**Q** 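The structure's right below; bear with me while I get my questions together.
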Amino acid sequence: MDLSLSEEQQLLKDQVERFAREAYAFETRRRVLRSEAGFEPAHWKQFAELGWLGVAFAEADGGLGGGPVETGIIMEAFGRGLVLEPFLPNVVLGGGALALAGDDAQKKALLPDLIAGKTKLALAYAERQSRYDLADCLTQAAADGGGFVVSGHKAVVYGGNLADHFVVVARTKGNQRAKTGLSLFLVPRTAKGLTVRGYRTVDGLGAADLALDKVRVEKSAVLGPLDGGLALLERVVDHGIAAICSEAVGAMAVLTDMTVQYSKTRKQFGRPIGGFQVLQHRMVDMTIAVEEARSMALYGTLHLDERNAKTRKRALSATKVQIGRSARLVGQEAVQIHGGMGMTDELAVGHYFKRLTMIDVAFGNADWHQRRFADLS
Amino acid sequence: MDLSLSEEQQLLKDQVERFAREAYAFETRRRVLRSEAGFEPAHWKQFAELGWLGVAFAEADGGLGGGPVETGIIMEAFGRGLVLEPFLPNVVLGGGALALAGDDAQKKALLPDLIAGKTKLALAYAERQSRYDLADCLTQAAADGGGFVVSGHKAVVYGGNLADHFVVVARTKGNQRAKTGLSLFLVPRTAKGLTVRGYRTVDGLGAADLALDKVRVEKSAVLGPLDGGLALLERVVDHGIAAICSEAVGAMAVLTDMTVQYSKTRKQFGRPIGGFQVLQHRMVDMTIAVEEARSMALYGTLHLDERNAKTRKRALSATKVQIGRSARLVGQEAVQIHGGMGMTDELAVGHYFKRLTMIDVAFGNADWHQRRFADLS
Amino acid sequence: MHLNLTRSQRAFQARVRKFVDENHPPEIRAKVESGLKLGRAETIAWQKKLHAAGLYAPAWPKQWGGPALKPIERYVLDRELALNSTPALVPFGVTMVGPVIYTFGSQAQKDRFLPRILNSDDWWCQGYSEPGSGSDLASLKTRAVREGDHYVVNGQKTWTTLAQYADWIFCLVRTDPAAKQQEGITFLLIDMKTPGVTVRPIVTMDGGAEINDVFLDNVKVPVENRVGEENQGWTYAKFLLVNERFGTAQVGRSQRQMLRLKQIAQSEIVGGRKLEEDENFRLKLAKTEIELLALEYTELRYLAQLDAGKQPGAEANILKIRGTQMQQNLSELLMEAVGYYANPSLPKALEHGWNEEPIGPAYAASLAPAYFNWRKSSIYGGSNEIQRNILSKFVLGL
Amino acid sequence: MHLNLTRSQRAFQARVRKFVDENHPPEIRAKVESGLKLGRAETIAWQKKLHAAGLYAPAWPKQWGGPALKPIERYVLDRELALNSTPALVPFGVTMVGPVIYTFGSQAQKDRFLPRILNSDDWWCQGYSEPGSGSDLASLKTRAVREGDHYVVNGQKTWTTLAQYADWIFCLVRTDPAAKQQEGITFLLIDMKTPGVTVRPIVTMDGGAEINDVFLDNVKVPVENRVGEENQGWTYAKFLLVNERFGTAQVGRSQRQMLRLKQIAQSEIVGGRKLEEDENFRLKLAKTEIELLALEYTELRYLAQLDAGKQPGAEANILKIRGTQMQQNLSELLMEAVGYYANPSLPKALEHGWNEEPIGPAYAASLAPAYFNWRKSSIYGGSNEIQRNILSKFVLGL
């Protein structure tokens with residue numbers, strides 16, 4: 001067992017945390033939130049320059065050769081600042097799929113630009129009827145000459161509002177929920193027949209629904225094994241789970257601290273509300289929830305490279321359940337202890353609460369993963 | 001809607017509560033608990049004399065013409081005193097089955113003696129493998145000449161350690177879990193082939209496991225419809241549920257009050273522990289749990305005469321779920337707030353806690369009834 | 001004992017149902033069902049209809065123009081209105097300040113204000129909370145100084161719901177800063193058009209702007225708009241809070257939300273089956289339904305006691321705690337039911353007249369904002385912590 | 001970063017496994033698995049075997065005869081022992097008073113007591129709690145008055161676990177009644193055979209009699225049996241409590257209980273199927289398993305910090321709270337798993353040598369008493385309320 005950070009990892013952590021603290025003061029964040037794009041291109045450029053967009057990619061792919069631990073470090077710090085730039089959809093999901101399964105040509109075409117901050121990716125897997133079931137896919141890709149014609153609808157694609165290229169999951173074989181017959185395709189935003197309806201999400205981030213109407217792609221657009229995309233998709237999504245769980249830990253830690261500090265200054269009945277034992281014990285329970293979430297985020301992150309897929313999936317499900325439960329408790333209590341102030345848009349607490357709520361939804365909520373865990377036990 | 005007690009009902013309530021308060025002081029109860037029989041025959045005689053054993057039976061059967069409300073009044077008061085006499089197995093279960101389904105001869109043979117306190121009954125329905133499923137029955141009753149031969153095992157028969165007659169559920173048709181094919185039989189304790197293994201239960205009451213080895217009964221021993229006993233059994237058990245839920249309300253009310261009083265006298269850190277806000281709020285939650293349990297016990301009791309069996313069963317399941325959840329919270333918090341004293345056999349709190357725990361087990365615990373409620377919705 | 005409605009209660013229920021059938025337009029019903037916002041005019045129109053049918057101000061005594069319904073009848077009324085997705089009533093006039101005026105006000109105040117409240121001619125809002133006094137209401141600082149026939153009021157009220165529509169505000173103000181906290185407070189009625197009254201909307205985290213800051217800057221209030229005695233305002237304020245809490249269980253509304261949840265569970269799919277068939281969801285739903293039954297029958301038990309003439313005690317506080325927990329639980333289950341489609345933020349979809357294509361199912365757009373918004377219910381009207389403090393002190397004697 | 005054991009940790013684990021295989025008799029394993037009570041002799045025999053193998057007193061420094069295992073090794077040891085259903089160790093000597101003696105005791109005390117603790121020659125018990133001082137330990141009243149070479153001790157200790165077997169008791173006594181509460185306390189070692197020491201068993205609600213009152217009536221204690229300075233006992237007491245709390249998570253024991261629960265769920269039937277296939281049970285089990293993983297990895301994270309030389313802080317309190325909740329949850333699930341057969345009370349079935357026919361499944365008899373008994377875990381060793389008070393004050397600064 002070794003749970004300590006290397007020197008480089010510690011430097012990265014300090015660096016990203018400083019960014020979250022300094023560049024993401026609450027008023028700055030509100031300004032970014034109100035902007036048309038919903039993120040700050042200058043920040044994105046900075047991420048590229050500092051190597052953050054490439055740290056988790058292999059050196060052969062133009063990255064710095066890090067991995068899940070580095071991604072977790074960045075995401076946790078981004079959670080602390082509620083950073084709005086689309087790191088998760090680009091680096092972890094879209095870029096992650098490419099790194100795991102792309103052939104040389106595919107990687108070369110996209111990863112260097114992604115790492116340089118010049119192009120943006122997103123992963124389009126969920127559908128209206130699929131909820132969290134990764135195998136449930138109605139989008140069809142029919143073989144057509146040397147290529148495929150893809151038609152269907154993709155739901156709530158994180159970062160899809162900004163993406164230049166989509167990794168689209170479609171069915172090349174089998175019926176709607178068959179475990180074989182899924183394939184992943186690289187589809188440029190400009191593809192004919194692709195309609196992207198971008199929107200903001202309730203936590204201030206961005207997403208899109210995609211309509212694919214006979215979108216034609218070449219055979220070279222197939223990412224990973226034809227018909228065997230489910231295992232790849234599951235792996236990418238497990239990376240996504242670990243990443244947002246780290247994000248949640250950062251957000252929860254700040255939110256708990258914020259609540260404790262608020263309770264020391266807010267006075268009612270002639271004394272700080274932090275003097276009331278009921279609130280004290282609830283803040284202790286928040287603290288414990290954060291500690292357990294931190295342990296499980298680590299547990300999940302360190303299981304990503306586990307070779308046995310069942311063991312990996314079970315571990316990531318356990319992680320997601322814990323984070324969902326912790327985030328619910330921490331978020332709800334933080335709002336409650338802040339009282340009316342916790343309800344306003346003017347204080348950070350509500351923004352953390354909303355992001356934590358949507359983190360539970362992402363990639364399957366606690367209930368969903370509790371069942372997946374049971375099924376894998 | 002009319003939720004007020006009649007004058008007679010109020011008198012009954014006052015009378016039984018006085019008994020529980022005066023005759024069931026904790027030290028008296030400990031003496032009864034230590035006695036060989038585990039109950040006090042003089043009390044049973046008194047119940048008969050005061051008409052309590054007959055109040056819920058029809059006047060034609062020798063009773064006083066009351067019903068579920070009267071039974072609930074008695075059980076709630078008995079819950080307050082943690083009364084050890086076997087009212088539930090005799091009057092509600094065994095007697096209840098007879099009253100609902102007995103023919104004239106069967107009723108005459110047993111009910112007057114039951115009401116007079118001269119004979120005791122018990123209902124033997126559960127089996128080792130059945131858990132809470134009333135239809136699950138391996139005990140067989142094979143037609144044999146004019147009668148039946150019954151063989152099998154009956155589990156945890158409440159009051160079975162004391163009973164003179166058993167109402168035994170056996171299968172006359174169908175496979176193990178078929179909904180038709182159950183029949184109820186009256187079997188005297190002295191029947192050849194019947195072995196009664198009586199024992200005390202962890203809450204201080206008594207029960208028995210029965211082994212039936214080719215026990216011969218006449219046709220006249222069949223209680224209610226041959227092969228159609230399930231509906232009858234369900235109805236009797238629903239009466240049992242309402243009754244122990246009322247008992248639980250009485251026990252919870254006393255236990256909560258006891259905890260509040262204890263918290264006012266027990267001092268730690270220089271003040272009564274009732275001054276600590278955390279304990280205050282938890283005692284408030286205990287109070288709310290008792291209030292909700294009281295509402296639902298009433299709701300269940302007033303649904304016993306509902307003609308639509310599905311509606312009745314759903315209501316009683318809701319009641320049992322609420323009582324289970326309330327009892328768990330009240331019992332666990334009462335022990336915790338009493339601290340070390342709550343763990344000892346020398347204080348009443350542990351005795352209430354144990355009875356409340358076993359009330360959740362009786363007739364199906366909260367989880368079981370939550371599912372029955374869902375299935376009936 | 002029995003649970004059935006009496007004949008007269010059944011007749012009353014039939015009357016309410018008939019009224020709703022005849023007066024509740026389908027388009028308003030659809031809006032309320034979907035959690036969309038109603039405008040001021042729509043709310044007022046509905047209140048006027050109710051009043052015309054003798055179903056508004058249900059608790060008001062006959063001498064002040066109310067129907068003086070009995071507790072169980074009020075419960076039946078509330079439930080029927082909620083189950084039929086009728087517009088929420090604005091409580092500040094009819095439920096809050098009205099009873100204060102007819103109980104403690106002067107004859108002139110009664111004559112002037114009560115008919116206009118009944119007829120929804122005046123829209124009222126509540127000036128209780130201040131930035132520094134949330135749960136600790138009695139620490140309020142807004143100052144009123146007597147100058148001849150007027151009080152001159154300076155200070156700030158906050159969390160003032162729907163102040164943007166209001167004609168009048170009832171305010172707690174401090175008239176004797178030297179007295180003990182609860183003894184120097186006076187209850188004033190203030191015309192929102194008085195110079196010096198400014199309303200600033202507060203955007204809440206769900207994106208709504210229903211609550212406001214109300215600034216009072218040298219606002220001149222005629223002494224005749226003081227309710228009762230100077231420095232006795234705390235008595236009237238407490239009277240009002242108890243009244244308010246009784247309604248907060250909102251069982252009918254929660255029953256309506258439960259139905260909505262079941263409807264959505266028929267449309268949503270999980271693991272290839274309808275959500276309503278999912279074992280885990282079914283058990284959660286059963287749990288919540290049973291909790292709602294317990295809340296309903298606890299309220300009914302209390303109402304039966306009120307009907308029998310018993311004074312209310314702890315009941316209102318218990319109903320506030322459990323009622324708001326129920327509202328929050330349901331809002332959470334509703335949001336969970338739509339999975340990923342809790343994400344899209346479409347504030348305009350919640351407004352009147354939006355008719356673009358929804359993103360995902362049309363019922364999804366309001367669910368996450370509603371969940372966020374309902375967190376308020378355990379904070380307002382005396383937070384649930386305050387409710388427990390009250391119960392601990394006055395019921396348990398701790 | 002990685003979660004795998006290092007090579008030396010794996011080697012240590014293998015050594016422990018080999019030891020257990022060779023030294024743990026099947027009949028003892030069966031008893032522990034079924035929750036039956038072990039006698040004094042069985043416990044001591046096991047402790048002596050452990051000591052002979054260098055696996056007893058794992059935290060003790062080498063100079064005092066311990067193996068000075070590192071935190072992660074101690075964790076591995078505890079887990080292997082628990083998963084193999086080995087007898088519970090009696091902590092009062094080896095975990096509690098031993099470290100106090102080698103940290104604060106005199107040379108004579110070290111020489112006299114430490115070898116006998118290591119060799120399980122003395123059975124120790126703990127004299128902390130008193131009838132009037134539970135959570136508020138510092139309010140203790142047992143009085144010790146110096147008379148020449150002796151203290152004369154009068155008072156009563158309570159909740160003294162296994163005092164009926166004990167040779168020695170370590171006691172907190174008040175030597176300066178005039179000083180502030182925590183400043184007049186002294187830490188004494190008392191021979192249980194001293195005249196004036198009386199033990200009275202306390203029957204607990206599960207029917208057990210493992211705890212006792214210990215009455216001290218003019219008990220003469222040589223001054224040489226005082227640990228450290230007079231009136232400085234609180235310092236040593238706190239040191240001991242922190243040590244104790246670290247062990248209370250008992251992850252290994254809970255993992256063993258989880259396995260037992262799964263085994264029982266293969267035998268029990270619900271709705272015609274094995275309990276382990278019941279959807280609701282599976283989800284509850286999954287929830288509990290995940291909570292146990294979170295507890296395990298939280299402990300491991302803390303142990304890794306200790307291994308890296310960080311001083312323990314809040315961690316012990318968090319582990320106490322969550323560890324005891326886990327023990328209680330598991331005891332509840334186990335009881336629930338056997339349905340009606342939680343009812344029969346068979347105290348004799350829990351004793352050594354009972355071999356009548358069980359009522360229901362043999363594994364059922366101990367489950368309700370165990371559930372009742374484990375309620376103690378959130379009360380003893382500083383109740384979970386006290387743990388939260390400590391965390392609030394020292395970690396959150398509230």
Side-chain angles (χ1 to χ4, degrees), chain B residues 126-133 135-136 155-156 158 176-177 197 199-205 207-209 266-270 273 276 278-279 282 328 331-332 335-347 349-351 353-354 357-358 360-368 370-371, chain D residues 129 131-139 158-159 181 202-209 211 268-272 275 278-281 284 328 332 335-347 357 359-361 365 367-369 371-373 375-376 378-380 383-386 388-389:
Chain B
E127 299 189 353
R128 168 73 195 269
Q129 83 294 340
S130 72
R131 190 171 292 247
Y132 308 125
D133 184 354
D136 189 333
V156 193
Y158 294 139
Q176 182 184 337
R177 300 183 63 241
R197 185 173 180 191
Y199 48 81
R200 300 288 277 279
T201 51
V202 290
D203 51 7
L205 300 178
D209 272 33
R266 168 72 174 174
K267 284 188 181 163
Q268 294 276 272
F269 305 102
I273 61 172
F276 290 96
V278 157
L279 301 191
R282 280 153 63 176
R328 181 174 185 269
Q332 292 183 353
V335 172
Q336 183 71 19
I337 293 172
H338 275 84
M341 289 307 293
M343 290 300 299
T344 71
D345 187 63
E346 293 163 32
L347 236 65
V349 51
H351 296 264
F353 171 65
K354 289 192 283 186
T357 304
M358 289 304 119
D360 183 43
V361 171
F363 309 122
N365 66 9
D367 279 0
W368 173 269
Q370 189 171 328
R371 174 168 300 157
Chain D
S129 291
S133 69
S135 290
D136 182 12
L137 185 56
S139 70
T158 192
W159 318 132
Q181 270 201 351
I202 300 172
V203 177
T204 44
M205 63 167 152
D206 60 314
I211 58 173
E268 289 291 316
I269 305 294
V270 56
L275 179 59
D278 177 74
E279 178 75 359
N280 190 27
F281 179 81
K284 283 176 86 162
Q328 292 181 334
E332 195 165 354
M335 179 185 66
E336 280 182 18
V338 295
Y340 276 119
Y341 279 110
N343 277 282
S345 172
L346 288 174
E357 177 78 2
I359 294 171
L367 299 179
Y371 168 67
F372 300 148
N373 185 257
R375 302 313 308 168
K376 73 187 176 191
S378 49
I379 297 169
Y380 65 31
S383 74
N384 284 5
E385 289 79 20
I386 295 293
R388 286 192 172 83
N389 284 349

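So you know, we letter chains A, B, ... as the sequences are listed, proteins then strands, and number each from 1. Since we're looking at a predicted model, the values are computed, not measured.
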**Q** Going from CD1 on B/Ile273 to CG on D/Asp136, what distance comes out if it is rounded to the nearest 0.5 angstrom?
**A**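 Result: 11.5 Å between the selected atoms.
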**Q** Would you indicate whether the side-chain heavy atoms of D/Asp278 and B/Arg371 approach each other to under 4.5 Å?
**A**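 In contact.
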**Q** How long is the gap from CG on B/Asp133 to CD1 on D/Ile269, to the nearest 0.5 Å?
**A**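 The CG atom of B/Asp133 sits 11.5 Å away from the CD1 atom of D/Ile269.
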**Q** Against chain D, work out which of B/His351, B/Arg282, B/Lys267 has the most heavy-atom pairs shorter than 4.5 Å and name it.
**A**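 Highest number of heavy-atom pairs under 4.5 Å: B/Arg282.
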**Q** Looking at every non-hydrogen atom in both residues, tell me the closest pair between B/Phe363 and D/Tyr340 and how far apart they are.
**A**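 Scanning both residues completely, I find the closest heavy atoms to be N-OH, 3.1 Å.
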**Q** Counting heavy-atom pairs under 4.5 Å with chain B, which one of D/Ser139, D/Ser135, D/Gly208 comes out on top?
**A**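 Going by pairs under 4.5 Å, I would pick D/Ser135.
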**Q** Out of B/Leu205, B/Val361, B/Val349, which one racks up the most heavy-atom pairs below 4.5 Å with chain D?
**A**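 Option with the top pair count is B/Val361.
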**Q** Could you check which of D/Glu268, D/Glu332, D/Met205, D/Gln181 has the highest count of heavy-atom pairs closer than 4.5 Å to chain B?
**A**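 Looking at each of D/Glu268, D/Glu332, D/Met205, D/Gln181 in turn, D/Met205 comes out on top.
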**Q** For B/Arg177, which atoms come within 4.5 Å of any heavy atom of chain D: side chain, backbone, both, or neither?
**A**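 Interface part for B/Arg177: side chain.
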**Q** Who wins among B/Gln129, B/His338, B/Lys354 for the most heavy-atom pairs under 4.5 Å with chain D?
**A**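 It is B/Lys354.
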**Q** Working to the nearest 0.5 angstrom, can you tell me the gap between B/Glu346 CD and D/Thr204 OG1?
**A**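 It is 10.0 Å, given to the nearest 0.5 Å.
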**Q** D/Pro369 and B/Val202: which non-hydrogen atoms are nearest, and at how many Å?
**A**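 What the structure gives for the nearest pair is CD-CG1, 4.5 Å.
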**Q** With a 4.5 angstrom heavy-atom cut-off, is it the side chain or the backbone of B/Tyr199 that approaches chain D, or both, or neither?
**A**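 Side chain only.
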**Q** Where on B/Ala135 is there a heavy atom nearer than 4.5 Å to chain D: the side chain, the backbone, both, or neither?
**A**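 For B/Ala135, neither part sits under 4.5 Å from chain D.
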**Q** Checking D/Pro131 against chain B: side chain, backbone, both or neither under 4.5 Å from a heavy atom?
**A**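 The backbone, not the side chain.
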**Q** Pair B/Gln332, D/Gln328 - check side chain to side chain contact (heavy atoms under 4.5 Å, CB included), show working.
**A** CA-CA 10 Å; B/Gln332 292 183 353; D/Gln328 292 181 334; over 6 Å; no
**Q** Over all heavy atoms of both residues, which pair between B/Gln336 and D/Ser383 is shortest? Give the atoms and the distance, please.
**A**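 So the minimum-distance heavy-atom pair works out to NE2-CB, 4.3 Å.
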**Q** Closest approach of B/Met343 and D/Lys376, non-hydrogen atoms and distance?
**A**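 Smallest interatomic distance, heavy atoms only, reads SD-N, 3.5 Å.
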**Q** Let me know if D/Glu357 has heavy atoms under 4.5 Å from chain B in its side chain, its backbone, both or neither.
**A**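 Looking at D/Glu357, backbone and side chain both touch chain B.
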**Q** Which one wins on heavy-atom pair count under 4.5 Å against chain B: D/Asn280, D/Ile202, D/Asp206, D/Val338?
**A**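 Of the candidates given, the most pairs with chain B belong to D/Asn280.
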**Q** Which atoms of D/Tyr371 come close to chain B, meaning under 4.5 Å heavy atom to heavy atom: side chain ones, backbone ones, both, or neither?
**A**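 Answer is side chain: those atoms of D/Tyr371 sit under 4.5 Å from chain B.
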**Q** Would you mind reporting whether D/Glu385 and B/Phe276 have side-chain heavy atoms less than 4.5 Å apart?
**A**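 No, too far: nothing below the 4.5 Å cut-off.
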**Q** So which of D/Arg388, D/Arg375, D/Lys284 has the largest heavy-atom pair count under 4.5 angstrom toward chain B?
**A**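 Highest number of pairs under 4.5 Å: D/Arg375.
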**Q** Taking the side chain as every heavy atom from C-beta outward, state whether B/Val335 and D/Phe372 have any pair of such atoms under 4.5 Å apart.
**A**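 Not in contact.
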**Q** State, yes or no, whether a side-chain contact exists between B/Asp367 and D/Phe281 at a heavy-atom distance under 4.5 Å.
**A**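 B/Asp367 vs D/Phe281: side chains apart.
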**Q** Relative to chain B, which segment of D/Ala342 carries a heavy atom at a distance below 4.5 Å: side chain, backbone, both, or neither?
**A**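 Answer is both: backbone and side chain atoms of D/Ala342 are under 4.5 Å from chain B.
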**Q** Is B/Thr357 close to chain D through its backbone or its side chain, or both, or neither, when contacts mean heavy atoms under 4.5 Å?
**A**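 Only the side chain of B/Thr357 comes within 4.5 Å of chain D.
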**Q** Can you tell me which of D/Gly272, D/Pro347, D/Ala368 forms the most heavy-atom pairs within a distance under 4.5 Å of chain B?
**A**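 Option with the greatest count: D/Gly272.
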**Q** Shortest non-hydrogen contact from B/Ala155 to D/Tyr341?
**A**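 That would be CB-OH, 3.1 Å.
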**Q** At a 4.5 Å cut-off on heavy atoms, which part of D/Leu275 comes close to chain B: side chain, backbone, both, or neither?
**A**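 Contact with chain B involves the side chain of D/Leu275 alone.
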**Q** Check whether D/Ala365 gets within reach of chain B through its side chain, its backbone, both or neither, counting any heavy atom under 4.5 Å.
**A**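 For D/Ala365, neither part sits under 4.5 Å from chain B.
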**Q** Which heavy-atom pair separates D/Glu336 from B/Arg131 by the least distance, and what is that distance?
**A**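 The answer is O-NH1, 3.3 Å.
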